[in-house]
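Read through the structure below, which is laid out as structure tokens, and then see the notes.
Just so it is clear, the values below take in all heavy atoms, side chains as well, and ignore hydrogens, waters and symmetry mates. In this text the structure is predicted, and so the values were computed from the model without any measurement. Just so we're on the same page: letters track the sequence lines, and every chain starts at 1.
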Amino acid sequence: MKAAGRREPRVLSGFRDFLPEQMLLRQRIVGVIRAVFERHGFEPLDTPALELIEVLTGKAGENEKLMYRFTDGGGREVGLRYDLTVPLARVVAMHQNDLVFPFKRYHIAPVWRAERAQRGRFREFWQCDADIAGSASMLADAEVVAVMAEALAAVGLPRCTIRINHRQLLAALARAAGVDAAGAGTVFRAIDKLDKIGPDGVARELEDSGITAGATGRILAMVTEEGDPAARLASLRSGLDQDAEAMAAIDQLGELFGHLPAFGVADEVVRFDLSLARGLDYYTGPVFEAVVEEPKVGSVAGAGRYDGLIGTFLGRSVPATGISLGLERIIEVVKEFDLLPGATSTTDVFVAVTRDTVADAAQIAARLRDQRLRVDLGLQPARSLGDQAKYAARKGIPVAVLMSPADVGAGTAVVRALHTGAQTTVLLDDLGRAVHEALRADDAAGPALSDA
RNA sequence: GUGCCUUUAGCUCAACCGGCAGAGCGCUGGACUGUGGAUCCGGAGGUUACGGGUUCGAGCCCCGUAAGGCACCCCA
């Protein structure tokens, strides 16, 4: 019978609970990414989820309509952070005297966007950001691209390429097409769809938005040109030689591509892609994006240089560049291809308990914990040992200690490897060693047996 | 935010043309066994996502809401 006044348990669209099995995978992936960040000298930072609305607005352009904003109980206008980059800019401006520049920080935390939820896109999702504030050098951009490539490789993403473009180059394309600054966004959006709708589709969209056929042709020719980055940059240089800003952007990209091999980023990992636009208004220089072909979850990482953003809080400009990895999209890919199989439990060993062995089992569990093992003690003495072994196997625990009353009398216990069924009877004094041995054997057997 | 599709027990899914809402697994009580519970007997669990409407009668048809999926927009 339903209790009167019972409430429907629910969560909002685009928001999720993470059960233990999912948390184990999430924590593993976050651990891998954090390790890459720290290997490159980035240090941790955290900031509030909620910011004053004036801190958040005026940076993301059109996207601001996706921001969660409301009035708090004290009448303040506040918003949930939309990304981790704007809070970083605020921190740099507020705490500049306490920071050492170039400031390299990483930030792994949830952000919120009021979008329609889909596979790989949620209203609450985690970003893993690594940024460098205080360096205008292309060395900083090369480093963050290297971090991006390394992190994606570390979680095992297959066929992952990093597209690279430059905001000023894109702006120059629009100028070359005779489009004023106001209409440039339309041009960017059309070009950005090249992969999806093809050259003809882009041409149609450009002409629909009032751009001449001649200009459309010139833009498409530059955007679709094939060849290695150096050759294409040279070609652009001759095509845009009247445009000083375009020249500067080309120089920067040339420098960036020149650095990448020494930073360990192979040529086939990166692609100079003039069609990459990226939406956030605050990007000012090189922009990056990592995409996977399968499954279709959009980009798994996005990034770029934003030399003007910190200045909006400070009055003087502080150059900055950085990357953002999308945790949930990376997880979608990892799950799709089972890229990180293995441990499904945080527990090493389960100790079964029977009606007659409660105290013995509890003491054994305590001794195993003293030996640095993670131990789950059975709580259901009425259940048979077989039932308890099944419980442990379902939780993904690799090893069980099963002790019948007869074992207690003999001073022994059974150590059972749950993935293989192999078991041995050992003296209680040898139990810790035997459990460690079973765990090593389980590790050696590898993931193939782990879901048996 | 817009459009299309989906929603039946904890899970996976049935239910003819609109005619008594079901199965397997799981859960649970017991028998029997002290080692992945095999086997046997019993039980609970549903306002068919939610709210309206049409009809003698709605899981099925119509409208609305919510969630999930897909596309757009945008993006991690």
Side-chain angles (χ1 to χ4, degrees), chain A residues 1-2 6 8-16 33 60-67 82-85 108-129 148 151-152 185 188-189 192-193 196-197 276-281 287-292 295-304 322-333 350 352-357 378 380-397 400-408 413-425 452:
Chain A
M1 189 192 295
K2 262 181 199 168
R6 172 178 165 274
E8 197 60 33
R10 20 189 353 209
V11 294
L12 291 163
S13 174
F15 290 74
R16 294 154 304 154
I33 292 171
E62 277 286 291
N63 297 324
E64 274 178 24
K65 66 185 183 213
L66 300 179
M67 200 179 302
Y82 176 90
D83 64 15
L84 301 177
T85 309
I108 299 174
V111 302
W112 293 268
R113 295 180 193 177
E115 286 189 280
R116 182 84 172 250
Q118 261 183 64
R119 180 178 188 184
R121 70 187 326 190
F122 304 94
R123 292 183 159 187
E124 177 181 62
F125 63 98
W126 285 59
Q127 292 193 321
C128 310
D129 280 31
M148 181 189 272
L152 295 174
F188 298 167
R189 274 191 293 278
D192 194 52
K193 292 184 193 167
K196 196 175 289 184
I197 62 180
L276 173 66
R278 298 202 51 77
L280 267 41
D281 277 8
V287 288
F288 326 111
E289 182 172 285
V291 289
V292 289
K296 287 180 184 150
V297 291
S299 56
V300 294
I323 58 163
S324 179
L325 305 172
L327 181 61
E328 351 290 312
R329 292 184 177 181
I330 289 172
I331 286 172
E332 282 294 322
V333 181
F350 171 79
V353 58
T354 74
R355 289 184 180 97
D356 302 320
T357 64
Q380 297 173 288
R383 294 255 156 248
S384 74
L385 292 179
D387 240 358
Q388 294 186 59
K390 188 182 179 187
Y391 156 88
R394 279 191 152 186
K395 286 187 71 170
I397 301 171
V401 172
L402 306 170
M403 201 177 37
S404 68
D407 284 313
V408 171
V414 170
V415 175
R416 183 180 173 95
L418 292 167
H419 292 152
T420 61
Q423 63 179 45
T424 53
T425 303

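Nucleic acid contact class of A:Arg119 (heavy atoms, under 4.0 Å, all strands): sugar-phosphate only. Using a 4.0 Å heavy-atom distance criterion, A:Gln118 is classed as a base contact. Base engagement by A:Thr354 is indicated by at least one non-hydrogen atom pair under 4.0 Å involving a base atom. When heavy atoms are screened at a 4.0 angstrom cut-off, A:Gly326 is found touching the sugar-phosphate backbone but no base atom. Counting any heavy atom pair closer than 4.0 Å across all strands shown, A:Val111 reaches no nucleic acid atom.
The side-chain heavy atoms of A:Gln388 and A:Val353, taken from C-beta on, include a pair separated by under 4.5 Å. Two residues are said to be in side-chain contact when any heavy atoms from C-beta on lie closer than 4.5 Å; A:Val111 and A:Phe125 meet this criterion. At least one side-chain heavy atom of A:Met148 sits less than 4.5 Å from a side-chain heavy atom of A:Leu325.
Rounded to a whole Å, the CG atom of A:Asp356 is 13 Å from the P atom of B:G34. Rounded to whole Å, the distance from CG on A:Leu325 to C1' on B:C75 is 15 Å. Rounded to a whole Å, the CZ atom of A:Phe15 is 11 Å from the P atom of B:G68. Remark: P of B:C74 and CG of A:Leu276 are 14 Å apart, rounded to the nearest angstrom. One can place CG of A:Asp83 at 11 Å from C1' of B:A76, the figure rounded to the nearest angstrom. If you take CD1 of A:Ile323 and P of B:A76, they are 13 Å apart, rounded to a whole angstrom. A straight line from CG of A:Leu12 to P of B:A67 spans 7 Å, rounded to a whole angstrom. The CZ atom of A:Phe122 sits 9 Å away from the P atom of B:G68 (whole-angstrom rounding).
Base pairing of B:U35: no nucleotide in any strand meets the Watson-Crick or G-U wobble criterion (both distances under 3.5 Å). The pairing partner recorded for B:U2 is B:A71, the criterion being a Watson-Crick or G-U wobble arrangement whose two distances lie under 3.5 angstrom. With a cut-off of 3.5 Å on both pairing distances, B:G45 has no Watson-Crick or G-U wobble partner at all. Look at B:C40: its Watson-Crick or wobble partner, with both distances under 3.5 angstrom, is B:G30. With a cut-off of 3.5 Å on both Watson-Crick or G-U wobble distances, the partner of B:C61 is given as B:G53. Using Watson-Crick or G-U wobble geometry with both donor-acceptor distances under 3.5 Å, B:C17 finds no partner in any strand shown. Taking a pair to require two hydrogen-bonding distances under 3.5 Å in either a Watson-Crick or a G-U wobble arrangement, B:A66 pairs with B:U7.
When the P atom is compared between B:C4 and B:U65, the two are found 12 Å apart, to the nearest whole Å. Rounded to whole Å, the P atom of B:C61 lies 16 Å from the corresponding atom of B:U48. When the C1' atom is compared between B:A14 and B:G59, the two are found 12 Å apart, to the nearest whole Å. Across B:C60 and B:U6, the matching P atoms stand 13 Å from one another, rounded to whole Å. Rounded to whole Å, the C1' atom of B:U47 lies 27 Å from the corresponding atom of B:G42. Across the C1' atoms, B:C16 and B:A21 are found 15 Å apart, a figure rounded to whole Å. Atom P of B:C63 sits at a distance of 14 Å from the matching atom of B:G3, rounded to the whole Å. Taking atom P on both B:G68 and B:C62, the two are 24 Å apart, rounded to the nearest angstrom.
When atom types are taken as modelled, the side chain of A:Arg329 and the backbone of A:Ser299 share a donor-acceptor pair closer than 3.5 angstrom.
Of the two residues contacting RNA chain B, namely A:Ala117 and A:Trp126, the nearest-nucleotide position lying further toward the 5' end is that of A:Ala117. RNA chain B is contacted by both A:Thr425 and A:Glu289; A:Thr425 maps to the nucleotide lying nearer its 5′ end (nearest heavy atom per residue).
Note on A:Lys196: a side-chain N or O is less than 4.0 Å away from OP1 or OP2 of B:C72.
With hydrogens and angles left out, the side chain of A:Arg116 and the base of B:C75 share no donor-acceptor pair within 3.5 Å.
To the nearest 0.5 Å, atom CD of residue A:Glu328 and atom CD of residue A:Glu124 are 8.5 Å apart. In this structure, the separation between CG on A:Asp83 and CE on A:Met67 is 8.0 Å, given to the nearest 0.5 Å.
Here the nucleotide nearest the side chain of A:Ser13, chosen from B:G68, B:C74, B:A76, is B:G68. In the set B:U35, B:G34, B:C75, the nucleotide with an atom closest to the side chain of A:Arg329 is B:C75.
A:Ser324 approaches A:Asp129 most closely through the heavy-atom pair OG-OD1, 2.8 Å.
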